Protein chains: 2
Amino acid sequence: MIKRVTSRVIPAQAAGETGGRALGETATLADIAQAAGVSTPTVSKVLNGRADVAPATRERVEALLRACGYRRRSVQAAPLLDLVFHELESAWAMEVIRGAEQVAHQEGLSLVLSQSAGRLTPGQTWLDGVLARRPTGVLLVLSKLEPAQRDQLSTRDIPFAVIDPAGELEPDVPAVGATNWQGGLAATRHLLELGHRRIGVVAGPDRMLCSRARVDGYRAALETAGLPYDPALVRSGDFHHEAGHEIGRQLLQARERPTAIFAGNDQQALGVYEAARELGLRIPDDLSVVGFDDLPAARWVGPPLTTVRQPLAEMAAEAARIVIGMARANDRGPASNRVELATELVVRSSTAPPRA
Amino acid sequence: MIKRVTSRVIPAQAAGETGGRALGETATLADIAQAAGVSTPTVSKVLNGRADVAPATRERVEALLRACGYRRRSVQAAPLLDLVFHELESAWAMEVIRGAEQVAHQEGLSLVLSQSAGRLTPGQTWLDGVLARRPTGVLLVLSKLEPAQRDQLSTRDIPFAVIDPAGELEPDVPAVGATNWQGGLAATRHLLELGHRRIGVVAGPDRMLCSRARVDGYRAALETAGLPYDPALVRSGDFHHEAGHEIGRQLLQARERPTAIFAGNDQQALGVYEAARELGLRIPDDLSVVGFDDLPAARWVGPPLTTVRQPLAEMAAEAARIVIGMARANDRGPASNRVELATELVVRSSTAPPRA
């Protein structure tokens with residue numbers, strides 16, 4: 001079942017006044033150039049992300065473009081769709097790429113792939129590249145843009161959307177996520193129903209909203225069942241296998257070890273598998289494990305992993321459809337769609353009742 | 001250790017004579033236009049992959065471009081690198097993307113990703129897109145180009161290289177592969193040294209050279225050890241998990257079942273894991289398994305998989321360096337580099353001596 005939370009926000013119109021001359025929405029490049037005291041080709045260069053403009057000039061022109069709510073409409077977008085990852089690795093990214101590529105291909109667009117080297121905001125070099133190649137739209141994965149970067153896309157009329165937002169987003173930014181809280185709730189309820197009472201969590205990074213929502217779902221399930229929340233059982237990793245391994249060891253070597261672990265994603269769950277193997281604990285006999293994502297490998301590991309399915313390819317496809325729709329409709333106000341696709345518990349063989 | 005097999009081939013120069021006028025390498029667009037009986041802008045349109053040219057005209061212009069060995073040099077390449085997969089899935093593709101993206105990023109290029117929907121030759125729609133966006137270079141993964149497509153890239157001066165070539169390539173096409181034969185040899189020798197004598201193979205597709213080289217390495221190891229090659233023990237899959245599962249079941253349910261299986265890639269090896277689990281066979285006690293690729297998951301599965309490491313990211317990076325080098329050097333003759341990077345056996349816990 002797909003749950004949609006849709007909203008539309010009409011932004012307040014910005015208008016600037018500079019050099020004694022009001023610059024409104026209908027300002028032309030020549031108007032901007034005059035107000036900035038530069039030539040029209042210089043304004044064009046700034047719009048195209050060209051490097052050969054002095055930083056101060058560039059900033060002045062950007063400020064004017066922003067102030068008058070300028071939107072470039074004369075230039076045809078290239079048949080490209082930009083997809084930006086904060087880091088490009090693992091089968092997780094592959095699922096997102098597959099979903100975005102499928103829709104891009106259907107719509108006659110090619111996919112341009114970038115990564116922002118682990119940072120949650122892509123760099124200015126990337127943005128200059130985007131301005132120069134003028135893609136039809138931009139998809140950000142687990143990333144967000146600085147306000148200035150948003151303005152730069154908006155003045156060039158390049159729509160963007162966020163897949164699996166990591167942090168708070170401005171209300172007018174379209175985003176496609178998953179029902180993370182419900183997923184954490186379902187995973188924990190499943191373990192509670194099996195009879196587990198001491199359930200550890202190898203959470204994802206605290207700074208990511210998706211990760212925090214999953215832990216809150218865990219907490220809500222405990223509270224609903226009348227069980228206390230023990231912070232000593234909840235530790236945060238970075239979504240990589242190694243963190244699952246390390247934190248899994250810590251939790252499993254504690255004096256009162258948990259009988260089950262809910263991992264913030266599948267990679268961390270497989271790290272917990274490794275920790276359990278090293279400590280001679282059998283899954284699910286001695287330890288139940290639940291993951292999150294349902295990457296292809298979840299079916300193949302031994303034992304096959306019980307996990308919360310997150311429809312990553314569909315999320316990327318939906319986000320691609322949103323930005324392409326915005327570009328094709330030539331929508332003036334940034335049409336905002338907040339969509340959350342449903343997560344779903346997939347029970348396999350890594351969970352069982354605790355031993356008496 | 002990296003083994004390099006480098007060769008350079010200088011192609012015979014092509015020259016065409018048409019309409020009573022010799023068209024040589026120095027032919028201009030106007031010369032081509034005159035010979036084809038069309039306008040110069042029409043020739044430009046054909047060069048740019050535009051759709052608004054009649055097919056017959058287009059074909060005539062392409063033939064002339066090809067015949068006179070035309071190379072477009074006037075147009076600056078876009079800071080893009082095209083990467084084309086025959087199919088976009090699994091952690092295997094992710095490794096290739098990572099390697100190509102890293103070099104592209106270092107060189108100030110963005111990566112454009114496409115897939116040719118399972119076919120080993122990308123479609124004309126893709127090629128028209130390439131001609132229109134004029135990337136700095138093209139990387140093909142497990143794919144090849146039709147002769148006409150090669151000519152189209154060559155006349156537009158867009159260099160290309162093949163990563164992990166699937167079939168025979170013309171000698172002047174640069175390609176980066178891995179030492180597949182040696183990998184098959186090393187995997188099989190490892191099993192022989194452990195004492196296995198009945199070794200099954202879940203091979204990759206017969207049409208792919210990399211796959212056939214691995215099986216030949218297996219065969220060579222048997223012959224060197226004075227053991228017969230039994231074709232009943234060797235079956236071909238399609239590199240997917242399901243094929244490993246299905247063929248693994250067939251091999252393991254045979255009257256005289258193998259004590260070890262060499263799988264053509266890691267995904268098929270994990271399919272064999274699943275078949276063994278279903279049949280109640282323990283790995284490595286009842287069955288040894290060796291994979292090929294060393295995808296990240298190979299370390300995480302239970303038991304961790306003994307496999308032949310193929311440096312996929314490095315192969316993609318090397319191929320990217322080759323095409324970018326060709327583009328930057330503005331090389332006239334297609335500089336050809338045949339590079340094979342070394343494979344390496346990684347012994348983990350899925351292999352052990354057979355039970356007496």
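Not measured: the values here are computed from a predicted model. Lettering of chains follows the sequences in order, A, B, ..., and the numbering in each one begins at 1.
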Is the shortest side-chain N to carboxylate O distance from Glu318(A) to Arg321(A) below 4.0 Å?
yes
If one checks every heavy atom of Leu80(A) against chain B at 4.5 Å, the contacting part turns out to be side chain
Quick one: which of His241(A), Glu101(A), Arg98(A) has the most heavy-atom pairs under 4.5 Å with chain B, could you say?
His241(A)
Mind checking whether Val289(A) and Thr351(A) have side chains closer than 4.5 Å, heavy atoms only?
no
So which of Asp82(A), Leu270(A), Leu113(A) has the largest heavy-atom pair count under 4.5 angstrom toward chain B?
Leu113(A)
Looking at Leu295(B), Leu81(B), Thr125(B), Ile97(B), which makes the most heavy-atom pairs under 4.5 Å with chain A?
Ile97(B)
Salt-bridge present (Asp285(B), Arg355(B); N to O < 4.0 Å):
no
Engaged part of Glu95(A) at the chain B interface, taking heavy atoms whose separation is under 4.5 Å
neither
Sort out for me which of Ala297(A), Ala91(A), Pro304(A) touches chain B most, counting heavy-atom pairs under 4.5 Å.
Pro304(A)
Any side-chain donor paired with an acceptor under 3.5 Å for Thr307(A) and Arg348(A)?
no
Using a strict threshold of under 4.0 Å (side-chain N to carboxylate O), is an ion pair present between Arg299(B) and Asp266(B)?
no
